Amino acid sequence: MNKKITILGIESSCDETAASIVQEENGQIKILSNIVSSQFDIHREFGGVVPELAARAHVEKIDLISEKAINESKIKLDEIDAVAATAGPGLIVCLTVGLNFGKTVAASLNKPFVAVNHLEGHALSPKLNSDLEFPYLLLLISGGHTQYLYVESLGKYKRLGTTIDDALGEAFDKTAKIIGIEFPGGPKIEKYAEKGNKNRFKLPKPILNRGGCNLSFAGLKTAILRIQSEIKTEQDKFDLAASFQKTIEEILHEKTKRAFEIYLNENASLKKTFVVAGGVAANQGIKNILENLSKENKFECLFPDINLCSDNAAMIALVGLEKFKKKLFNELDFKVNPRWQLDEKAQFLKGAGVKI
Ligand code: KG4
Ligand code: ZN
């Protein structure tokens with residue numbers, strides 16, 4: 001029997017309004033459409049995302065973006081089997097827009113509704129372009145989160161390590177801002193780094209040799225603030241970006257080695273699969289060092305396609321698809337959860353004086 005499952009995914013947790021149609025036919029997953037509307041122009045003059053402006057832009061665009069996703073996919077409305085929308089974590093005013101829109105579409109089509117954890121979308125995203133199977137070790141590196149997780153199965157996560165201060169994407173963005181690279185600066189650091197001398201500035205690698213695979217990046221920002229006055233020319237910016245990129249690569253190399261050990265300590269017979277996902281996974285330098293390290297340690301290393309690293313709705317539809325297959329639906333009174341964690345039992349590990 002030719003069984004098709006078609007899911008509409010909606011994403012609005014931060015500054016991207018996104019909608020996508022993902023379809024599985026005979027076990028093959030296909031993205032039929034993936035529309036993302038970014039709000040860089042709205043937030044640029046403020047140097048970062050302004051939640052109320054982001055929410056307003058979501059309200060203005062969500063129906064058009066969804067219509068575009070449906071039209072581009074060439075499916076008919078009645079082919080949609082379920083609607084999946086991000087319910088957290090993220091900015092509450094932004095999440096509310098997509099979640100309410102998703103619930104309304106599900107109710108009007110009389111189809112099941114699935115509330116999706118945005119981080120689970122990132123966690124599963126390589127499944128859109130590869131044969132990803134549970135269990136695996138995940139490094140999630142985004143603008144708000146940086147964690148190593150043991151992914152046992154759908155919805156079953158154990159956090160092995162986390163940042164105790166800034167997220168990695170945040171560290172990229174703050175560094176860019178300090179040296180005067182226009183918002184959104186994170187992705188541009190990599191371009192600047194290509195033209196710089198990576199050995200010019202010595203930056204700290206906080207908690208490198210302690211705290212297991214926990215991470216810390218706040219010390220880098222402080223160090224960069226201290227040398228900010230030395231950054232005068234374009235070449236100075238290139239050199240600082242290159243030194244920063246190199247330092248991050250060295251930290252991730254060391255901490256991932258630790259994470260491999262900690263993951264195998266969970267159970268030595270676990271499948272040696274390592275997934276890297278989230279916006280920062282688009283960084284080619286990071287990708288190269290983690291792929292090489294995986295090879296040395298006989299881990300299969302999987303990244304999402306570059307256009308699926310940053311926020312999108314295809315990954316949200318994908319989680320919707322996996323939950324649909326298990327009939328894991330949600331009621332229409334499901335509330336936004338701005339702090340929704342993948343491992344809800346994990347201890348809060350942030351701030352001064354925290355014990356790692
Ligand atoms: O996953 P994402 O799109 O949004 C969140 O869920 O947070 O991640 C966005 C983050 C931003 O901090 C952005 O600067 C960072 O990912 N990012 C990068 C690169 N592309 C995006 N950081 C370093 N290098 C890149 N190429
Ligand atoms: Zn994200």
Side-chain angles (χ1 to χ4, degrees), residues 9-18 20 34 36-40 43-44 47-49 51 54 85-91 94-95 98 116-126 128 138-147 149 163 165-179 181-194 196 217 220-221 240-242 244-249 251-252 275-290 303-319 338-342:
I10 307 284
E11 157 64 31
S12 72
S13 63
C14 190
D15 59 340
E16 260 96 24
T17 318
S20 167
N34 184 25
V36 182
S37 166
S38 296
Q39 306 173 357
F40 299 145
H43 304 291
R44 185 165 287 125
V49 178
T86 304
L91 300 166
C94 295
L95 289 164
V116 175
N117 182 317
H118 176 88
L119 304 178
E120 186 151 48
H122 282 303
L124 265 56
S125 59
L128 290 163
L138 168 69
L139 169 60
L140 176 69
I141 37 180
S142 69
H145 295 83
T146 299
Q147 301 181 346
L149 293 135
T163 177
D165 40 55
D166 293 347
L168 185 53
E170 200 181 345
F172 268 92
D173 295 338
K174 284 180 179 170
T175 300
K177 199 168 177 181
I178 296 169
I179 62 178
I181 302 177
E182 207 177 46
F183 173 84
K188 291 187 200 134
I189 292 274
E190 202 183 358
K191 299 269 162 297
Y192 275 56
E194 283 164 16
F217 300 107
L220 270 102
K221 177 188 60 195
L240 183 67
F244 176 81
Q245 172 80 30
K246 173 188 164 222
T247 308
I248 295 298
E249 288 174 12
I251 294 172
L252 289 181
V275 166
V276 187
V280 188
N283 185 296
Q284 194 58 45
I286 291 176
K287 186 171 183 186
N288 292 343
I289 62 121
L290 294 179
F303 278 71
D305 263 356
I306 188 136
N307 62 326
L308 296 170
C309 288
S310 54
D311 291 348
N312 64 82
M315 67 183 194
I316 304 304
L318 173 68
V319 177
R339 292 182 167 269
W340 194 0
Q341 292 302 307
L342 286 176

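What you see is a predicted model; the values in this text were computed from it and never measured. Whatever order the structure lists ligands and atoms in, that order sets their numbers, starting from 1.
For the pair Val275 and Pro126, the tightest heavy-atom approach, listed with the atom from each and the gap, is CG1-CG, 3.5 Å. Residues Cys94 and Ser12 come closest through the heavy atom pair O-OG, 2.8 Å. For the residue pair Ile306 and Ala282, the shortest heavy atom distance occurs at CD1-O, 3.5 Å. Here the shortest heavy-atom pairing between Phe217 and Ala167 reads CD1-C, 4.3 Å.
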> Step by step, would you call Val319 with Asn117 a side chain to side chain contact (heavy atoms under 4.5 Å, CB included)?
Replying inline: CA-CA 8 Å; Val319 177; Asn117 182 317; over 6 Å; no
> Given the rule in the side chain to side chain contact (heavy atoms under 4.5 Å, CB included) test, do Asn34 and Leu308 qualify, once you have shown the distances and angles that lead to the verdict?
Replying inline: CA-CA 9 Å; Asn34 184 25; Leu308 296 170; 3.5 Å; yes
>> Run Ile178 and Lys221 through side chain to side chain contact (heavy atoms under 4.5 Å, CB included) and show every step you take.
In response: CA-CA 9 Å; Ile178 296 169; Lys221 177 188 60 195; 4.0 Å; yes
>> Could you walk me through whether Asp311 and His118 satisfy the side chain to side chain contact (heavy atoms under 4.5 Å, CB included) test, starting with their C-alpha distance in whole Å, then the side-chain angles of each, then the deciding distance to 0.1 Å, before giving a yes or no?
In response: CA-CA 9 Å; Asp311 291 348; His118 176 88; 3.1 Å; yes
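Residue contacts with ligand 1, taken as heavy atom pairs separated by less than 4.0 Å, do not involve Glu16 at all.
Protein heavy atom at the shortest distance from atom 21 (C) of ligand 1 is Gly279 O, 3.4 Å. Given atom 15 (C) of ligand 1, the protein heavy atom at minimum distance is Val280 CG2, 3.9 Å. When hydrogens are left out, the protein atom nearest atom 26 (N) of ligand 1 is Glu190 OE1, 3.1 Å; that is the closest non-hydrogen contact. For atom 13 (C) of ligand 1, the nearest protein heavy atom (residue, atom name, distance) is Asp173 OD1, 3.7 Å. Ranking the protein heavy atoms by distance from atom 24 (N) of ligand 1 puts Asn283 ND2, 3.1 Å first. Looking only at protein heavy atoms, the nearest one to atom 25 (C) of ligand 1 is Pro187 CA, 3.7 Å.
Under the 3.5 Å distance criterion, with hydrogens and angles disregarded, a donor-acceptor pair is assigned to the side chains of Asn283 and Gln245. In the model, Ser13 has a side-chain atom that pairs as donor or acceptor with a side-chain atom of Glu11 under 3.5 Å.
The residue from Gly143, Cys309, Cys14 that puts a heavy atom closest to atom 7 (O) of ligand 1 is Gly143. Compare Asn312, Asp311, Ile286 by their heavy atoms: the one nearest to atom 4 (O) of ligand 1 is in Asp311.
Checked against a 3.5 angstrom limit, the closest N/O atoms of Gly169 and ligand 1 fall inside it. Checked against a 3.5 angstrom limit, the closest N/O atoms of Phe172 and ligand 1 fall outside it. Polar contact with ligand 1: absent for Ser310 (N/O pair, distance under 3.5 Å).
Assignment of Gly144 to the shell around ligand 1 is supported, since a heavy atom sits closer than 4.0 Å. Heavy-atom separations between His118 and ligand 1 include at least one value shorter than 4.0 Å. At least one heavy atom of His122 sits less than 4.0 Å from an atom of ligand 1.
Take a cut-off of 2.8 Å around the Zn ion (ligand 2): the protein N, O or S atoms inside it are His118 NE2, His122 NE2, Asp311 OD1.
The distance from atom CD1 of Ile141 to atom CD1 of Ile248, rounded to the nearest 0.5 Å, is 9.5 Å.
Ile181 meets the side-chain contact (heavy atoms from CB on, under 4.5 Å) test with Ala176, Ile179, Lys188, Ile189, Tyr192; sequence neighbours excluded.
Within a 6.0 Å radius of NZ in Lys177, other residues, nucleotides and ligands contribute 12 heavy atoms or fewer.
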